[in-house]
Protein chains: 2
Amino acid sequence: MRTPPADRTRTGARVRTRPIPEATVARLPVYLRVLGELAAQQIQTVSSERLAEAAGVNPPKVRKDLSYLGSYGTRGVGYDVEYLVYQISRELGLTQDWPVAIVGMGNLGQALAGYKGFGERGFRIMALFDKDIERVGQTVSGLTIEHIDDLEGSLKEKDIRVAIVATPAQAAQETAERLVAAGVRSILNFAPTVLTVPDKIHLRQVDLSVELQILAFYEQRNAGKKRTAAAGDGAH
Amino acid sequence: MRTPPADRTRTGARVRTRPIPEATVARLPVYLRVLGELAAQQIQTVSSERLAEAAGVNPPKVRKDLSYLGSYGTRGVGYDVEYLVYQISRELGLTQDWPVAIVGMGNLGQALAGYKGFGERGFRIMALFDKDIERVGQTVSGLTIEHIDDLEGSLKEKDIRVAIVATPAQAAQETAERLVAAGVRSILNFAPTVLTVPDKIHLRQVDLSVELQILAFYEQRNAGKKRTAAAGDGAH
DNA sequence: AACTGTGAACGGGTTCACAGCC
DNA sequence: GGCTGTGAACCCGTTCACAGTT
């Protein structure tokens with residue numbers, strides 16, 4: 001690369017020339033996790049080959065993905081683990097803290113409230129809500145569960161704009177609407193139902209059974225093959 | 001389509017001519033969920049347009065996806081909800097039951113054990129394991145938690161070939177290896193670490209914080225715009 | 001020598017437009 | 001008339017090959 005980094009500010013932040021492809025954005029968290037594990041093992045440098053293997057992709061893809069962030073590697077050497085962690089974190093917006101609320105304190109809500117992976121990435125669980133009077137007032141992961149009717153006031157007070165929905169399916173849509181009304185801009189939905197929100201709201205859906213269904217699809221194929229084989233083998 | 005369904009057996013099962021694209025397989029569970037909700041509302045027929053909207057995709061994509069399964073729609077009318085549910089279920093291998101084990105009975109494991117969405121899709125949670133003596137013997141969702149040392153015997157006895165890993169990160173790799181040794185062929189990993197398994201094993205990873213990180217990325221953009229503007233900066 | 005960074009070729013997946021059918 | 005099914009065009013993303021750098 002001949003041109004000096006005219007597309008960089010002096011903090012190293014790259015002025016976005018071209019947007020990062022969605023597919024790449026979706027892989028950055030995976031790289032981040034792998035890099036975190038490498039850092040924990042005191043490994044200082046990593047090649048695209050090693051990173052690729054750990055992340056379950058191929059080396060050129062790693063290099064291409066990382067090149068969208070900037071030229072943060074060293075030819076002949078590899079990538080500095082710590083520096084790369086920082087750059088990816090910054091790109092994903094994880095160098096700042098994100099206050100997060102969870103609505104629905106059943107098993108899943110409780111599991112999410114205690115999930116270490118959030119805190120490590122800057123997501124601070126700051127408020128928990130439930131409809132059930134029995135649960136309100138209980139402490140989960142150091143936070144007191146508030147009643148859902150305090151949602152609006154509490155969120156505004158704490159300036160929370162990211163929320164996780166972990167309610168039963170039938171309560172999810174109403175919950176989402178209240179969240180939006182209370183100023184929430186991003187919603188992560190774990191409830192097993194499809195939510196409708198205004199266009200400006202970022203919504204992502206996690207269906208815990210989707211991955212299992214995908215596994216079943218591929219497993220079924222094999223099973224099919226196997227059984228046929230077992231019934232009079234020939235194919236291996 | 002002029003040719004008669006020479007690629008169909010008399011049960012309506014399509015003899016796979018071309019493999020279903022991976023991207024389509026990943027969307028089938030979403031359609032299935034939406035169709036389930038429509039069926040619950042007694043809706044009998046749905047157009048690709050309505051289905052697309054509820055699933056968060058566009059109509060041609062729905063039609064293309066469904067066309068890989070066969071011609072199960074009626075021109076001028078739409079798709080029969082119930083029939084389509086059946087066809088997608090069959091394609092995904094959900095018309096049979098899948099016995100499933102869960103290893104790691106912390107909050108997340110317990111939440112998964114009680115997750116309704118599994119049972120609705122034919123996934124039967126048949127065994128729960130934990131390392132902690134305190135937990136062994138306790139009942140969760142009608143099942144008694146077994147000690148991890150009984151893993152091999154119990155899995156073989158129950159002929160379980162699909163397992164969910166919900167252990168802490170440091171125990172996940174060892175758990176996976178024991179599962180594989182015990183004959184498990186598909187693993188769904190919720191532990192926040194990257195697993196290595198033999199090629200023949202189907203592995204899928206669910207990282208509860210990945211989606212939140214993706215949300216943060218897009219949220220940051222907006223916020224960035226906002227704050228820059230607020231700070232009086234000229235660049236937009 | 002080793003490994004990154006990237007234009008270019010390639011391919012899978014998405015979208016389009018319309019033919020086909022009810 | 002309305003809606004599906006699908007070849008063809010298009011496009012995003014992946015892969016390749018190698019130039020560039022330490």
Side-chain angles (χ1 to χ4, degrees), chain A residues 1-8 14 17-28 30-31 35 38 43-81 83-84 87-88 91 214, chain B residues 1-8 14 17-28 30-31 35 38 43-81 83-84 87-88 91 214:
Chain A
M1 199 190 295
R2 199 79 306 274
T3 37
D7 59 345
R8 300 291 165 70
R14 183 190 174 111
T17 341
R18 283 195 243 162
I20 300 180
E22 257 185 77
T24 296
V25 171
R27 279 188 296 269
L28 291 179
V30 179
Y31 299 144
L35 290 166
L38 293 174
I43 294 169
Q44 272 151 32
T45 299
V46 67
S47 66
S48 61
E49 190 180 343
R50 293 232 292 151
L51 185 46
E53 195 194 337
V57 300
N58 56 15
K61 194 180 280 182
V62 167
R63 295 200 296 275
K64 193 89 205 207
D65 282 342
L66 296 181
S67 78
Y68 289 118
L69 310 186
S71 296
Y72 295 140
T74 306
R75 292 169 201 236
V77 179
Y79 301 88
D80 182 87
V81 173
Y83 186 54
L84 199 51
Q87 292 299 344
I88 295 179
E91 198 62 55
I214 296 173
Chain B
M1 199 193 293
R2 197 80 304 274
T3 37
D7 58 345
R8 300 288 166 69
R14 184 191 174 109
T17 342
R18 282 194 244 164
I20 300 180
E22 257 185 75
T24 296
V25 171
R27 280 189 297 268
L28 291 180
V30 179
Y31 300 145
L35 290 166
L38 293 174
I43 293 168
Q44 272 152 31
T45 299
V46 67
S47 66
S48 61
E49 189 180 343
R50 293 232 292 151
L51 185 46
E53 194 195 336
V57 300
N58 55 16
K61 195 180 279 181
V62 167
R63 294 200 298 274
K64 192 99 230 199
D65 283 341
L66 297 181
S67 77
Y68 289 117
L69 310 185
S71 296
Y72 295 139
T74 307
R75 293 168 201 237
V77 179
Y79 301 88
D80 182 87
V81 172
Y83 186 54
L84 199 51
Q87 292 300 345
I88 294 179
E91 198 63 53
I214 297 173

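Below, chains carry the letters A, B, ... as their sequence lines are ordered, and counting in each starts from 1.
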Can you tell me how far CD1 of B/I214 sits from CZ of A/R27, rounded to the nearest 0.5 angstrom?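 Here the rounded value is 11.0 Å.
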I need the A/Y79 OH to A/T74 OG1 distance, nearest 0.5 Å.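 Result: 9.5 Å between the selected atoms.
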Look at the side chain of [X] and decide which nucleotide, out of [options], has an atom nearest to it.
X: B/A23; options: C/dA17, D/dG13, C/dT14; value: C/dT14
X: B/K61; options: C/dT14, C/dC16, D/dC18; value: C/dT14
X: A/S67; options: D/dT22, D/dT14, C/dT6; value: C/dT6
X: B/S47; options: D/dC3, C/dT4, C/dT14; value: D/dC3
X: A/P21; options: D/dG5, C/dG5, D/dG13; value: D/dG13
X: A/R75; options: C/dT14, D/dT15, D/dA19; value: D/dA19
X: A/K64; options: C/dA17, C/dA8, C/dT15; value: C/dA8

Rounded to the nearest Å, what distance is computed from the [atom1] atom of residue [X] to the [atom2] atom of nucleotide [N]?
X: B/R63; N: C/dC16; atom1: CZ; atom2: C1'; result: 10 Å
X: A/L66; N: C/dG5; atom1: CG; atom2: P; result: 8 Å
X: B/L51; N: D/dG2; atom1: CG; atom2: P; result: 20 Å
X: B/E49; N: D/dG5; atom1: CD; atom2: C1'; result: 17 Å
X: B/I20; N: C/dG12; atom1: CD1; atom2: C1'; result: 15 Å
X: A/D65; N: C/dT6; atom1: CG; atom2: P; result: 13 Å

Write down the atom of B/Y72, the atom of B/Q87, and the distance for their closest heavy-atom approach.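 Looks like OH-OE1, 3.3 Å.
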Give the minimum heavy-atom separation between B/P59 and B/E49, together with the two atoms involved.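 Smallest interatomic distance, heavy atoms only, reads CG-CA, 4.0 Å.
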Does OP1 or OP2 of [N] have a side-chain N or O of [X] closer than 4.0 Å?
X: A/S48; N: C/dC3; value: no
X: A/R27; N: D/dT14; value: yes
X: A/N58; N: D/dT14; value: no
X: A/Y79; N: C/dG5; value: yes

Quick one: are A/L28 and A/L69 in side-chain contact, heavy atoms under 4.5 Å? yes
Nearest nucleotide by nearest heavy atom, which residue falls closer to the 5' end of DNA chain D, A/T74 or A/E22?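 With A/E22 and A/T74 compared, the 5'-side residue is A/E22.
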DNA chain C: 5'-proximal contact among A/G76 and A/G73 (nearest heavy atom): A/G76
